[in-house]
Visitor: 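I am attaching a structure below and will ask some questions about it afterwards.
Chain A is the first sequence line, chain B the second, and so forth, proteins listed ahead of strands; every chain is numbered from 1.
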Amino acid sequence: MNKREVYAILTALIFLGVYVYEYSLNEEEKATVVSEGQVVKAHTKEYLLPTSTTGQVVHHEGYSLSYSEPHEQPEWVAYQLKKSDLSKANYKRPYFEIDKAVKTGAAHWNNYKNSGYDRGHLCPAGDRRHSLSAYKETFLTSNISPQEHTFNSGIWNNLEQQVRYWAKQYNGVFVITGGVLEEGLKSIGKEQVSVPDYFFKVLLSTQNGKTNMIAFLVPHKNSDRPLYEFVVSVDEVEKLTGIDFFSKLKDEIEYKLEASNNSSTWDFYD
DNA sequence: CTGAGACGC
DNA sequence: GCGTCTCAG
């Protein structure tokens, strides 16, 4: 068996696992899940967006972002991942385009060419396969960051798949992701696109009528360690990035949840 | 799934 | 620059 076949089988097993899980739910449990999803849906996009330290927030149909001109990439990308966003449609990858909505001028994809780094999606293309326009919209240079291929296709890919699993399990999650942008980072290309040393992901879901958060801080290096070892508090991500997450939630809820790094309410693959 | 690169028009 | 093809983690 060659490697391609191994990956194909692993991918098939993941889909099978999700299918079996959903099939195992009885009608009552399904109704509960739907009801939880409606709570998440009730939050408007604006309500859940983090603060911008750069002053340049751009809204697209499928996601919003805050662009950092000095680092030539977003400081965060935020979107709601609904169950209905996940489909099997297999679109052909388009070319990356400069995001014209970024007024200071988003980076050209040529900065990444022969740099040795991937054009790593922050709002993953795989999370936007519900329609061709939504899929293509993720191929904007305002939605990517330089990532090592082993990282992007390794642990970061694992995390993205874990998020898709949670989106199905909890009928939707709100996702905020980005690289930790700081001074002194290595850069690539003529426009000097920064290469982050860490990437973060902050998630919010509603389970059993309760709001839950979880945050990940992953060094920009592939790892075989399980994902739960990269769980941190939202506060820690805020401290590193200067971004304020979920500031419009009731203060007491925000304070309690963001200080916690208890991941027990999130069901991990491993 | 996540991506890159070569070649032809 | 776009389309098609091959390739790798």
Visitor: Just how far, in rounded Å, is C1' of C:dG9 from CD1 of A:I155?
Guide: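 The answer, rounded to whole Å, is 14 Å.
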
Visitor: Base, sugar-phosphate alone, or nothing: which one does A:G126 contact when heavy atoms must sit under 4.0 Å apart?
Guide: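 The residue A:G126 makes sugar-phosphate contact but no base contact.
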
Visitor: Within the distance-only criterion (no hydrogens, no angle test), does the side chain of A:Y67 pair as donor or acceptor with the backbone N or O of A:E72 below 3.5 angstrom?
Guide: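 Yes; at least one donor-acceptor contact below 3.5 Å.
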
Visitor: Taking 4.0 Å as the cut-off, does a side-chain nitrogen or oxygen of A:N152 come that near to OP1 or OP2 on B:dG3?
Guide: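 Yes, such a contact exists.
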
Visitor: Scan A:D118 against the nucleic acid and name what it touches under 4.0 Å (heavy atoms): base, sugar-phosphate only, or nothing.
Guide: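 It contacts sugar-phosphate atoms only.
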
Visitor: What is the distance, rounded to the nearest whole Å, between atom NZ of A:K92 and atom C1' of B:dT2?
Guide: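 Answer to the nearest Å: 18 Å.
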
Visitor: Between A:R119 and A:A89, which has a closest nucleotide on DNA chain B that is more 5'?
Guide: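 On the 5' side of the pair lies A:A89.
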
Visitor: Write down the distance between CD (A:E148) and C1' (B:dG3), rounded to a whole number of angstrom.
Guide: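 Distance, rounded to whole Å: 14 Å.
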
Visitor: Check the distance between B:dA4's P and A:N110's CG and give it to me in whole angstrom.
Guide: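 Taking atom P of B:dA4 as the reference, CG of A:N110 is at 12 Å.
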
Visitor: Just call it for A:Q147: base, sugar-phosphate, or nothing, with non-hydrogen atoms closer than 4.0 Å on any strand.
Guide: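 Nothing, no nucleic acid heavy atom in range.
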
Visitor: Ring-plane angle category for A:Y95 and A:W109, please: parallel below 30°, perpendicular beyond 60°, tilted otherwise.
Guide: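 Aromatic pair A:Y95/A:W109 classed tilted.
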
Visitor: Nearest to the side chain of A:H121 - B:dT2, C:dG3, B:dG3?
Guide: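 Nearest listed nucleotide: B:dG3.
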
Visitor: I need the CD1-P distance between A:I144 and B:dT2, as an integer number of Å.
Guide: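 After rounding, the gap between these two atoms is 14 Å.
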
Visitor: A:N90 has an atom CG; how far is it from atom P of B:dG3, in whole Å?
Guide: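 Checked: the CG to P distance equals 14 Å.
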
Visitor: Should the ring pair A:F96 and A:H121 be called parallel, tilted or perpendicular, given that the plane angle runs from 0 to 90° and is split at 30 and 60?
Guide: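 Ring orientation, 0 to 90° scale: tilted.
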
Visitor: Just N and O in the side chain of A:H149: are any of them under 4.0 Å from OP1 or OP2 of B:dT2?
Guide: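 No.
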
Visitor: What nucleic acid atoms does A:N158 come within less than 4.0 Å of, heavy atoms only: base, sugar-phosphate, or nothing?
Guide: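 No contact.
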
Visitor: Hey, which sits more toward the 5' end of DNA chain B by its nearest nucleotide, A:G116 or A:D127?
Guide: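 Its nearest nucleotide lies further toward 5', so the answer is A:D127.
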
Visitor: Between A:H108 and A:G154, which is nearer to the 5' end of DNA chain C once each is assigned its nearest nucleotide?
Guide: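 That would be A:H108.
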
Visitor: With a 4.0 Å limit, can you tell me whether A:R93 has a side-chain N or O closer than that to the phosphate oxygens OP1/OP2 of B:dG3?
Guide: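 For B:dG3, OP1/OP2 do have a side-chain N/O of A:R93 under 4.0 Å.
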
Visitor: In whole angstrom, give the distance that lies between atom CZ of A:F139 and atom P of B:dT2.
Guide: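 Result: 8 Å.
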
Visitor: Between the main-chain N or O of A:S260 and the side-chain N or O of A:S233, is there a donor-acceptor pair closer than 3.5 Å?
Guide: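 Flag not set: sc A:S233 to bb A:S260 has no pair under 3.5 Å.
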
Visitor: Round to the nearest Å and state the distance from A:L122 atom CG to B:dT2 atom P.
Guide: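 My rounded result for the distance is 13 Å.
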
Visitor: Begin with the C-alpha distance, continue with both residues' side-chain angles, and end with the deciding distance and a verdict on ring-ring contact (aromatic ring centres under 6.0 Å, His included) for A:W266 and A:Y228.
Guide: CA-CA 10 Å; A:W266 297 75; A:Y228 56 73; over 10 Å; no

